[in-house]
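Quantities reported herein were computed from a predicted structural model and do not represent experimental measurements.
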Amino acid sequence: DRVITLNATGNSTLTLPDANGTLDRLERAGNILQVVSQHISVTTTNTTSTSYINTGWGSWSITPVRANSKFILEINGHHPHCNVDAGNKGGGAKFYRSIAGGSFLQVTTGHNEGYFQNSVDSGHWWDFNGYGRTWDAPSYSLGQTLTYQYWFRASSQNTAGFWLAHTAVNSNVDQMVGTITIMEVAQ
């Protein structure tokens with residue numbers, strides 16, 4: 001490696017790789033430019049709506065540092081529940097986005113996570129770890145903030161609500177702590 005002194009009075013140095021190495025640039029396509037991550041407390045969340053509604057778990061914002069970036073969106077830590085006997089056969093969830101305080105619009109046309117069960121034996125129910133992930137490629141101007149929320153809906157086959165988070169199944173599950181992560185990726 002070679003060391004170059006940039007400012008002798010401030011003792012700043014830059015170490016360059018040897019002849020076989022490379023010096024990467026942050027803005028190179030595919031590099032992660034910034035990460036916003038936040039823990040969220042998830043309480044019982046259910047709906048009978050077959051249209052998407054906000055879960056109420058919060059809003060999460062990121063202000064892009066580069067133009068034309070894409071964003072990886074992830075959420076975990078909730079506990080969906082389906083119970084055919086009780087009429088809650090499942091539903092779906094997805095991210096919604098607002099640009100610079102505008103209306104919230106869906107990020108994808110499909111589900112980021114979805115659950116459905118039907119035609120099973122009586123007495124069948126199940127709970128599992130919830131997880132959603134998708135890409136977002138919004139059109140924004142530098143300086144504008146992107147704000148995300150997680151929305152969900154019940155399947156049209158339900159006769160009762162869909163639980164995207166169920167914290168009281170036979171008292172086996174306590175309140176969950178989840179994580180939302182937004183990553184800006186250079187393009």
From CD1 (Ile32) to CE (Met183), nearest 0.5 Å: 5.5 Å
Tyr148: partners by ring-ring contact (aromatic ring centres under 6.0 Å, His included), with sequence neighbours left out: none
Cluster link Val35 to Val185, ILVMFWY, side chain under 4.5 Å: yes
Donor-acceptor pair, side chain of Asn76 and main chain of Tyr131, under 3.5 angstrom: no
Under 3.5 Å donor-acceptor, Tyr140 side chain and Thr63 backbone: no
Heavy-atom pair with the smallest gap, counting every atom of Thr147 and Ser61: OG1-OG, 2.9 Å
Side-chain (Lys94) to main-chain (Thr108) donor-acceptor, under 3.5 angstrom: yes
For the student: nearest non-hydrogen atoms of Leu142 and Pro64, plus distance: CD2-O, 3.8 Å
Taking every non-hydrogen atom, the tightest pair across Ser69 and Ala186: OG-CA, 4.4 Å
Heavy-atom donor-acceptor pair, Asn31 side chain to Leu33 backbone, under 3.5 Å: no
Positive for side-chain contact (heavy atoms from CB on, under 4.5 Å) with Ile180, one of Tyr150, Phe95, Trp57: Phe95
Heavy-atom check, side chain of Thr55 versus side chain of Gln149, under 4.5 Å: no
Nearest-0.5 Å distance that lies between atom OG1 in Thr45 and atom CZ in Phe162: 10.0 Å
Nearest-0.5 Å distance that lies between atom CD1 in Ile72 and atom CZ in Arg133: 5.0 Å
Salt bridge (Lys or Arg N to Asp or Glu O under 4.0 Å) contacts touching residues 95-105 (sequence neighbours left out): Arg97-Asp136
Between Phe152 and Tyr52, ring centroids under 6.0 Å: no
Point-to-point distance, once rounded to the nearest 0.5 Å, from CG of Leu164 to CD1 of Ile75: 8.0 Å
Within one Ile-Leu-Val-Met-Phe-Trp-Tyr cluster: Ile99 and Ile182, side-chain cutoff 4.5 Å: yes
Exercise: identify the closest heavy-atom pair between Ser98 and Gly101: OG-C, 3.4 Å
hydrophobic_cluster_shared for Val36 and Trp60, side chain cutoff 4.5 Å: yes
4.5 Å side-chain heavy-atom contact, Trp135 and Phe71: no
Interatomic spacing from CH2 in Trp151 to CD1 in Ile53 - rounded to 0.5 Å: 9.0 Å
Nearest-0.5 Å distance that lies between atom OG1 in Thr179 and atom CD1 in Ile40: 7.5 Å
Backbone of Glu74 reached by a side-chain donor or acceptor of Thr181 within 3.5 Å: no
